[in-house]
Q: 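One structure, pasted below without further comment.
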Amino acid sequence: MFESYLSALGILFQPMNLLVLFMGVLIGLVIGIIPTIGSLFILPILLPFAFYLPAELILILFAGICATVFIGGSITSILLNIPGTGPNAATMLDGYPMTQKGQAARAIGAAVMSSVCGGVLPVFLSLAMIPLILPMILAFGQPEMAALIICGLTLLTMVSGGSVTKGIISGALGLLLSLVGYHPMTGVHRFDFYMRFLYDGINIIPLSLGLFGLTELFEMAIKGRTTIVQRVNNTRLSGILEGIKDVWRHKWLWFRCTILGHIIGILPGIGSEVASWVGYGHARQTSKNPQEFGTGRVEGVIAPQAANNAGEAGDLLTTMSLGIPGSASMVFFLAVLLIAGIAPGPTIMVDHLPLVLALIISVALAHIIGGAICLFSANHLAKIASVHIDFLIPGILIIALTGIYIATISITDFIMILIFTLLGFFMKKYDYSRPTLILGFILGNLFERYTTLSIKIYGPLFFYRPIFLIIIAIAILIVLSSKIMKTFGKFRRRLISHL
Amino acid sequence: MKKGSFYMALFFAILGLSGIIQSLTFRYWEAMILPAALSCMIFIAAIVEIVKELVNKPALGKDETKTYFTRDSVRAEARSAFWLIGWISAFMIAIWFFGFLIAVPLYSSSYLKWRKRNWLVAVMFALSADTIIYFVFEVVLRTELYRGLIFGS
């Protein structure tokens with residue numbers, strides 16, 4: 001085990017990997033700063049590079065981006081009253097009022113320090129949990145892997161928004177799309193209509209680029225987002241130091257929100273948006289002056305930033321150890337593993353443990369580097385938010401199409417991107433979950449393999465195994481608990497209205 | 001009933017039904033079982049969505065479906081979407097015929113001119129984009145960009 005930790009440090013501290021991590025930090029900060037786009041926009045665009053760069057480079061790049069995107073997003077939330085990413089909306093509630101009171105530097109110092117510390121502590125917690133998780137993972141067989149995939153899809157369906165039936169359609173469609181092409185065991189052509197470019201199935205790149213990258217671009221262009229032109233307040237060093245001291249003054253609040261965020265990050269399918277609001281709500285509930293929240297309380301900045309950054313290490317741990325993404329952006333980590341020929345799932349922790357450890361440690365390093373950059377250049381970085389959509393659209397489209405051609409060397413994939421862009425656009429418009437679809441697609445072939453092998457090895461009663469039944473029971477519990485919570489919520493509201 | 005949601009659910013129902021029919025033609029059970037099960041799930045879930053949409057009737061006197069395409073903002077959105085699909089398709093066709101190094105500056109400069117930017121900005125952006133992709137892909141990553149049907153070998 002100790003050797004694995006040393007190997008991980010050896011992987012991470014190679015010059016090329018450190019350079020890539022630094023690039024990921026810069027990209028994450030820039031993407032976080034530009035409002036309304038987040039990691040779900042940039043990760044599919046960078047995914048084609050996974051075809052001709054080593055998997056560890058791309059994974060470290062992605063870890064750098066995911067780790068710092070919320071730090072960048074806090075800058076625009078605080079300075080411009082526009083959330084850089086969805087999870088930064090909670091930071092805006094007290095961050096911008098602090099700017100209005102002339103305390104922008106203090107708010108930024110508090111947000112960045114809280115983010116950095118909130119991102120680093122869970123890394124140590126995750127590293128400590130790994131030796132406890134490993135024996136459990138070794139007990140998993142093919143039926144348990146299949147059950148994990150069902151559990152992951154169920155979770156993502158429940159928390160993805162929209163109705164449950166829409167989530168089921170998305171997940172099932174993703175699984176179905178993964179089955180296009182030759183069946184590996186029997187050679188039967190499935191859903192390819194004897195078109196040669198579909199014999200090997202649908203490529204993950206046009207699917208992910210179309211569903212996420214170009215859909216977001218499409219929507220931005222149609223809605224005609226205009227330039228954000230606002231005067232950015234100067235952020236003096238003395239104010240920033242005051243913000244850093246505020247995190248120390250509220251260290252127990254920061255600690256509780258970090259733990260909350262880490263637990264939420266570990267739970268599959270939930271994501272940082274929930275964590276940031278839970279953190280903000282907790283800060284308000286435990287404050288001596290809850291009525292002052294929303295008027296510029298520094299706790300209202302510290303709590304959500306700690307919570308949403310604490311989720312990253314837990315996210316990564318769940319994604320790598322169980323093959324179930326902790327959040328929608330983690331789906332692209334799984335996509336990189338698939339492209340590199342590494343089967344996502346518990347076996348990674350056995351076969352590629354140093355890589356997993358290196359990724360988790362890289363999250364901590366990315367937070368530190370990103371925090372340092374932000375503290376000293378916040379108001380310069382904020383100017384990135386004024387980049388106009390007219391330049392973003394052709395720029396991103398050029399990178400996306402060039403990347404996809406280089407990855408697949410197939411012009412026919414352009415047709416696939418167009419089809420998936422339209423599908424993604426309408427799915428987003430009518431509340432069908434795109435992360436569930438893409439997760440189903442990534443895990444579809446594996447799910448079929450595990451299910452078929454389970455039937456062949458253990459017979460039709462392959463599910464009659466304790467761990468399998470426990471995992472399915474957890475999935476059913478999650479479905480039922482969300483129904484129970486909704487019913488309880490309705491009952492509580494009715495009771496309150498009667499009183 | 002929201003027209004768009006109804007048609008989306010109908011699309012998935014048709015997709016599910018086609019999946020079921022196609023799956024039943026696969027020769028071996030290993031190839032058939034999962035596609036058939038998934039297609040059934042999609043079909044049943046889509047039918048449930050269709051029923052939900054039909055049950056959610058608009059208030060008496062108001063028919064959202066008739067007003068859907070008469071609202072100016074929705075028409076403008078549909079027009080923008082149509083033009084954007086056209087632009088993206090034109091860019092892809094240009095790449096197919098002329099290759100990346102010609103299509104990229106042509107597309108980016110014409111897009112910026114369409115968006116009423118001045119010629120200097122359009123040309124500078126086009127040349128920068130072309131230089132960057134050439135440098136990143138052909139020089140750094142040593143991967144040849146597609147030269148197109150007309151200029152390619």
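So you know, we letter chains A, B, ... as the sequences are listed, proteins then strands, and number each from 1.
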Q: Side chain from CB out, backbone as N, CA, C, O: work out which of these in Ala129(B) comes under 4.5 Å of a heavy atom of chain A, or both, or neither.
A: side chain
Q: Any side-chain heavy atom of Phe420(A) within less than 4.5 Å of one from Leu177(A)?
A: yes
Q: Do you know which of His189(A), Met427(A), Arg190(A) has the most heavy-atom pairs with chain B at a distance under 4.5 angstrom?
A: Arg190(A)
Q: What part of Ile393(A) gets closer than 4.5 Å to chain B, counting heavy atoms only: side chain, backbone, both or neither?
A: side chain
Q: Relative to chain A, which segment of Ala37(B) carries a heavy atom at a distance below 4.5 Å: side chain, backbone, both, or neither?
A: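 For Ala37(B), neither part sits under 4.5 Å from chain A.
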Q: Do other residues, nucleotides or ligands put more than 12 heavy atoms under 6.0 Å from the OH atom of Tyr199(A)?
A: yes
Q: At a heavy-atom distance under 4.5 Å, which candidate from Thr452(A), Leu175(A), Leu53(A), Ile168(A) has the highest pair count against chain B?
A: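 Option with the greatest count: Leu175(A).
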Q: Is it true that, when you exclude Met16(A) itself, more than 12 heavy atoms of the residues, nucleotides or ligands shown sit nearer than 6.0 Å to its CE?
A: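 No - once you tally the heavy atoms of other residues, nucleotides and ligands closer than 6.0 Å, there are 12 at most.
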Q: Side chain, backbone, both or neither: which part of Phe12(B) has an atom under 4.5 Å from a heavy atom of chain A?
A: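 Just the side chain, heavy atoms under 4.5 Å.
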Q: Show the numbers, then the answer: is there a side-chain contact (heavy atoms from CB on, under 4.5 Å) between Ile472(A) and Ile150(A)?
A: CA-CA 8 Å; Ile472(A) 296 297; Ile150(A) 295 170; 4.2 Å; yes
Q: For the residue pair Phe191(A) and Phe26(B), is the inter-centroid distance of their aromatic rings smaller than 6.0 Å?
A: yes
Q: Show the numbers, then the answer: is there a salt bridge (Lys or Arg N to Asp or Glu O under 4.0 Å) between Arg147(B) and Glu138(B)?
A: CA-CA 12 Å; Arg147(B) 295 288 194 254; Glu138(B) 297 228 0; 2.7 Å; yes
Q: Can you tell which of Leu15(B), Val121(B), Ile95(B), Ile44(B) has the highest number of heavy-atom pairs within less than 4.5 Å of chain A?
A: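 Winner by heavy-atom pair count: Ile95(B).
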Q: Check this for me: Phe197(A), atom CZ, are more than 12 non-hydrogen atoms of other residues, nucleotides or ligands nearer than 6.0 Å?
A: yes
Q: Shorter than 4.5 Å, heavy atoms on both sides: which option in Tyr28(B), Trp87(B), Phe137(B) has the most such pairs with chain A?
A: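 Most pairs with chain A among the choices: Phe137(B).
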Q: Among residues at least two apart in sequence or on other chains, which ones pass side-chain contact (heavy atoms from CB on, under 4.5 Å) with Ile33(B)?
A: Trp29(B)
Q: Flag the one option from Tyr111(B), Trp114(B), Tyr107(B) with the top tally of heavy-atom pairs under 4.5 Å to chain A.
A: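 Going by pairs under 4.5 Å, I would pick Tyr111(B).
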Q: Which one, Phe11(B), Trp96(B), Phe100(B), Phe43(B), leads in non-hydrogen pairs under 4.5 Å with chain A?
A: Phe100(B)
Q: So for Tyr182(A), is it side chain, backbone, both, or neither that comes closer than 4.5 Å to the heavy atoms of chain B?
A: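 Looking at Tyr182(A), nothing touches chain B.
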Q: With a 4.5 angstrom heavy-atom cut-off, which part of Ile42(B) approaches chain A: side chain, backbone, both or neither?
A: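 Its backbone and side chain both get close to chain A.
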